[in-house]
Amino acid sequence: MSLRFYDTRARQVRDFVPLREGHVSLYLCGATVQAAPHIGHIRSGVNFDILRRWLVHRGYRVTLCRNVTDIDDKIINVASAEGVPWWEVSERNQRAFTWAYDILNCLPPTVEPRATGHVPEMIELMRRLIERGHAYPAADDSGDVYFDVTSFPDYGELSNQRLDQMRGAGDTDSDRGKRDPRDFALWKGTRPGEPSWETPWGSGRPGWHLECSAMATKYLGPTFDIHGGGVDLVFPHHENESAQSRAAGDGFARYWMHNGLLSMSGEKMSKSVGNSLLIPEIVREVRPVELRYYLAQAHYRSVIDYSVEALREAAAAYQRIEGFVTRAVEAVGDVAPSKELPEPFAEALDDDLGVSQALAAVHNHVREGNSALAEGAKERVAEVTARLRGMLTVLGLDPLSESWADTGDSGLRGVVDALVTVALNQRQAARERRDYATADEIRDQLLDAGITVEDTPHGPRWELRNG
RNA sequence: GGCGGAGUGGCCGAGUGGCUUAGGCAAGGGACUGCAAAUCCCUGUACACGGGUUCGAUUCCCGUCUCCGCCUCCA
C-alpha cells in the first residue's frame with residue numbers, strides 16, 4: 001500500500017503523491033514566540049518530526065520550513081510589561097523552543113525563517129492582492145490593510161465554514177476602516193510606541209497570517225506539498241493563509257495535516273487559560289526520551305489528556321524497550337540499526353502515521369528479543385536488535401542515539417563501574433558462603449545510591465536507576 | 001446558531017462487519033531465582049445508551065445522552 005495521510009481540506013485520507021518526484025516540501029507552523037513552550041507545542045513538534053523522519057525513510061528528500069513568528073500583540077504586551085524591547089522577548093522564547101525541540105530529539109528544520117526578516121516579501125504579497133482586488137488599505141488611513149473575504153469565493157473551504165454563518169473576525173482593536181467585519185488584517189497600522197515597518201500604504205507591522213504565506217512561498221515555492229500545525233490553527237490562521245495565497249494566484253499547500261490538541265483534565269491547555277505545563281517541569285518527572293514516547297504513542301490526530309500517571313506509564317513502557325536494547329548490546333556488542341523495517345511497522349506508518357500500531361510491532365520485537373536473549377541465541381538477538389533500532393530510529397526513540405547521551409559524566413562512568421564492581425564482588429563472596437543477609441544489605445545500599453542490581457546467568461549487572 | 005472530533009476492559013491507547021477481537025501499564029497464577037530484580041508463559045474484566053440494517057455490529061445507519069475543539073489569542 002502507498003503512503004497516505006488524512007487531509008484536513010478533503011476531510012479524508014488521501015494517497016500522498018508529492019509535487020516533485022522524490023522530494024517533499026513541508027511547511028510547519030512553528031511558534032509565535034510570546035512565551036516558553038508547553039507540552040502541547042512540543043507534541044506538535046514530535047508528531048511532525050516523526051512524519052519527517054518517515055518521509056526520509058521512504059526515500060524522499062524533505063525540505064522542512066518551520067517558521068518563527070516573532071512579532072505579535074502578545075509579544076509587544078509582554079515586552080511592554082517587562083520594560084524591555086520586543087525582540088528581547090521573542091529571542092528569549094525562541095531559544096526556549098529550540099532547547100525544547102533539541103532535548104526531545106526533533107531534528108532541526110531545513111530553514112527556520114522569522115516573520116520580521118520577511119517584510120519585503122509580505123509587502124509584495126499585499127501588492128499582488130490589492131492589484132487583483134482581493135485586499136484594500138483601510139479607508140481611514142490607519143495604515144491597516146485588509147483581505148476582502150467576499151472577493152474570494154473559496155473562502156472557508158479549508159475549515160468547511162460558510163461565510164454567511166461566520167462571526168466577525170475582530171482582529172483589530174476597533175475594526176477601523178474594514179469593509180466587512182469578517183475581513184482580516186494583512187497588515188496593522190502603527191500605534192504609538194509599537195515597532196513598525198514602512199510600506200506603500202503607511203507604516204505598521206504584520207498581521208498574524210501574512211508571514212506564513214510569504215515565507216512558505218519564499219522557501220518552498222508557490223505550490224508545495226504539506227502544510228502542518230495544530231488543529232486549533234485550521235481557522236482562522238490556515239484558512240486565511242490559504243485564502244491570501246490562492247487569491248494571489250499561488251497554489252499553496254496540497255495537503256493539510258493537523259495534530260490533535262493536548263488537554264489537562266479534559267480542558268484545552270492554553271497559554272491564555274494559564275494552566276500551561278512547561279517542558280522544564282515535565283522533564284523533572286520523566287526523562288526527555290520518555291516524554292517523547294508519551295507524546296508519540298497516541299495517534300497524532302487524537303486528543304491527549306495529560307496526566308502524570310499516564311506519563312509515568314509511558315516511561316515504564318519505554319524502559320522495557322530500553323532495557324532490552326541495553327542487555328542485547330551487552331550480550332552481542334553494538335548492532336547498527338537496520339534500514340529494512342518489518343512490514344507491520346511500515347504499513348502502520350504508511351497509513352496516516354499509525355504510530356500506536358507501529359509501537360505494537362516494536363513491543364513484539366522486544367518480546368522476541370528477550371526470549372532470544374534468554375536462550376542465548378546471539379544471532380537472533382543481533383537480528384532483532386538491528387530491526388528494533390531501525391524502527392526506533394524512525395520514531396526518534398532509539399535508546400542508543402547520541403541525542404539521549406548524558407553529558408558531563410566524562411570518565412565518571414568508569415569510576416562508578418569500578419566502585420560498584422568492588423561492592424558486587426563482596427556481595428558475590430557473601431552469596432557464595434550463603435551469607436544472604438550481608439549480600440542483600442550490599443544490594444540495598446547500592447539501591448539507596450541509585451544503582452539497581454540484577455543477577456543473571458552470567459553474573460550480576462548493574463544500572464543507574466531511571467528517574 | 002454554524003463546523004468538526006470523541007465516548008473501548010482497573011488505567012493509557014489502537015483497530016475492525018465474523019478470523020488469534022493490537023500494544024503497553026497495573027492485577028492474579030506459573031517458570032526462573034537463596035530472595036529479589038529482569039525476563040518468559042498463562043489469566044480475567046470491553047467497546048456510552050436506545051433503535052435499525054444484517055445470517056452476524058464494538059465496527060454501518062438513525063436517534064438520545066455526555067465530553068471536547070474551532071468560529072476570539074492559541075500547537
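So you know, we letter chains A, B, ... as the sequences are listed, proteins then strands, and number each from 1. Just so it is clear, the model here is predicted, and its values are computed rather than measured.
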Checking Tyr101(A), Phe97(A), Phe48(A) against His41(A) for ring-ring contact (aromatic ring centres under 6.0 Å, His included), the one that qualifies is Phe97(A)
Kindly indicate whether the side chain of Gln357(A) and the base of G15(B) share any N or O donor-acceptor pair separated by less than 3.5 Å?
no
From the list G34(B), A14(B), C25(B), which nucleotide is the closest neighbour of the side chain of Ala439(A)?
G34(B)
Distance test, side-chain N/O of Lys268(A) to OP1/OP2 of C70(B), below 4.0 Å
yes
Pairwise P distance, U58(B) and G52(B) [rounded to whole Å]
14 Å
Could you check whether Ala317(A) gets within reach of a base, just the sugar-phosphate, or nothing at all, counting any heavy atom under 4.0 Å?
sugar-phosphate
Indicate the atoms forming the closest heavy-atom contact of Leu220(A) with Thr63(A), along with that distance.
CD2-CG2, 3.7 Å
What closest approach, in Å, do Trp404(A) and Gly396(A) show between heavy atoms, and which atom pair accounts for it?
CZ2-O, 3.1 Å
Using a cut-off of 4.0 Å on non-hydrogen atoms, how would the nucleic acid contact of Arg320(A) be classed: base, sugar-phosphate, or nothing?
sugar-phosphate
Gap in Å between the two P atoms, one belonging to C62(B) and one to A6(B), rounded:
15 Å
Given the structure, check if the side chain of Lys74(A) and the base of C73(B) hold any donor-acceptor pair shorter than 3.5 Å.
yes
I want to check one thing: is the phosphate of G34(B), taken as OP1 and OP2, less than 4.0 Å away from some side-chain N or O of Arg433(A)?
no
Per ring-ring contact (aromatic ring centres under 6.0 Å, His included), Tyr255(A) is matched among Phe16(A), Phe224(A), Phe5(A) by Phe16(A)
Runs of at least three consecutive Watson-Crick or G-U pairs, both distances under 3.5 Å, are what I'm after; which ones involve RNA chain B?
B:1-7 with B:65-71, B:10-12 with B:23-25, B:27-31 with B:39-43, B:48-52 with B:60-64
With heavy atoms under 4.0 Å as the rule, sort Asn364(A) into base, sugar-phosphate or nothing.
sugar-phosphate
Using atom P in both nucleotides, what's the gap between G17(B) and G13(B) to the nearest angstrom?
23 Å
U21(B) to U43(B) separation - P atoms, rounded to the nearest Å:
11 Å
Using a cut-off of less than 4.0 Å, is there contact between a side-chain N or O of His363(A) and OP1 or OP2 of G23(B)?
no
Can a donor-acceptor pair under 3.5 Å be found between the side-chain atoms of Arg431(A) and the base atoms of G34(B)?
yes
Pair Gln244(A), Ser213(A): side-chain N/O donor-acceptor within cut-off below 3.5 Å:
yes
Kindly say whether, by distance alone, the side chain of Arg443(A) makes a donor-acceptor pair under 3.5 Å with the base of A36(B)?
yes
Only residue of Asp15(A), Asp351(A), Asp350(A) satisfying salt bridge (Lys or Arg N to Asp or Glu O under 4.0 Å) with Arg4(A) is Asp351(A)
In whole Å, what separates the C1' atom of A48(B) from that of C32(B)?
44 Å
What is the distance, to the nearest angstrom, from the CZ atom on Arg182(A) to the C1' atom on C3(B)?
16 Å
Please determine if a side-chain N or O atom of Ser302(A) lies less than 4.0 Å away from the OP1 or OP2 oxygen of A14(B).
yes
Leu373(A) near the nucleic acid: base, sugar-phosphate alone, or nothing, with a heavy-atom cut-off under 4.0 Å?
nothing
Would you tell me whether Gln34(A) and Asp72(A) have side-chain atoms, one donor and one acceptor, within less than 3.5 Å of each other?
yes
If I pick the P atom on U64(B) and the same atom on G1(B), what distance separates them, to the nearest angstrom?
13 Å
Need one value for His258(A): base, sugar-phosphate or nothing, where a base atom within 4.0 Å counts as base even if backbone is also close, heavy atoms only.
nothing
Can you tell me how far C1' of U39(B) sits from NE2 of His365(A), to the nearest Å?
18 Å
Reckon Leu233(A) touches a base, only the sugar-phosphate, or nothing at all at heavy-atom distances under 4.0 Å?
sugar-phosphate
Considering all heavy atoms, the nearest Glu368(A)-Arg380(A) contact:
O-NH2, 3.8 Å
May I have the distance from Asp305(A) (atom CG) to G7(B) (atom C1'), rounded to whole angstrom?
13 Å
If you find the nucleotide of RNA chain B closest to Ser44(A) and the one closest to Val234(A), which residue's nucleotide is nearer the 5' end?
Val234(A)
Options C35(B), C12(B), C71(B), nucleotide nearest the side-chain atoms of Phe235(A)
C71(B)
Whichever of Asp351(A) and Arg327(A) has the more 5' nearest nucleotide on RNA chain B, that residue is Asp351(A)
Within this structure, what is the CG-to-P distance between Asp352(A) and U16(B), rounded to whole angstrom?
11 Å
Whole-Å gap separating P (U8(B)) and NE2 (His299(A))
18 Å
Which part of the nucleic acid, if any, lies within contact of Val453(A), taking any heavy atom under 4.0 Å across all strands shown: a base, the sugar-phosphate backbone alone, or nothing?
base
With a 3.5 Å cut-off and just heavy-atom distances, do the side chain of Asn160(A) and the base of C71(B) make a donor-acceptor pair?
no
By the 4.0 Å heavy-atom rule, please label Gly229(A) as base, sugar-phosphate, or nothing.
sugar-phosphate
Whole-Å distance separating the CG atom of Asp232(A) from the C1' atom of A75(B):
5 Å
Could Lys188(A) and Asp144(A) be called an ion pair, given the rule that one side-chain N must be under 4.0 Å from one carboxylate O?
no
Salt bridge between Arg431(A) and Asp455(A), side-chain N to carboxylate O under 4.0 Å?
yes
What nucleic acid atoms does Glu454(A) come within less than 4.0 Å of, heavy atoms only: base, sugar-phosphate, or nothing?
base
Find the distance Asn240(A):CG to U72(B):C1' and express it as a whole number of Å.
13 Å
Spacing of the P atoms in A14(B) and G9(B) (rounded, Å):
13 Å
Parallel, tilted or perpendicular: which one describes the rings of Trp256(A) and His238(A), with boundaries at 30° and 60°?
tilted
Between G23(B), C73(B), C12(B), which nucleotide gets closest to the side-chain atoms of Arg367(A)?
G23(B)
When rounded to whole Å, the CZ to P distance for the pair Phe97(A) and A75(B) reads 6 Å
Does the G34(B) base have a donor-acceptor partner in the side chain of Asp440(A) within less than 3.5 Å?
yes
Flag for Gln319(A)-Glu290(A): side-chain donor and acceptor within less than 3.5 Å:
yes
For A38(B) and C70(B), measure between their C1' atoms and round to the nearest Å.
48 Å
Within the 4.0 Å heavy-atom criterion, would you say Ser371(A) contacts the bases, only the backbone, or no part of the nucleic acid?
sugar-phosphate
Can a donor-acceptor pair under 3.5 Å be found between the side-chain atoms of Gln161(A) and the base atoms of G2(B)?
yes
Could you check whether Ala374(A) gets within reach of a base, just the sugar-phosphate, or nothing at all, counting any heavy atom under 4.0 Å?
nothing
What contact category does Gly45(A) fall into here, base, sugar-phosphate, or nothing, at under 4.0 angstrom with non-hydrogen atoms?
nothing
Looking only at side-chain N and O atoms, does Arg434(A) come under 4.0 Å of OP1 or OP2 in C35(B)?
no
Checking all strands, does Arg427(A) fall into the base, sugar-phosphate, or nothing category for heavy-atom contacts under 4.0 angstrom?
base
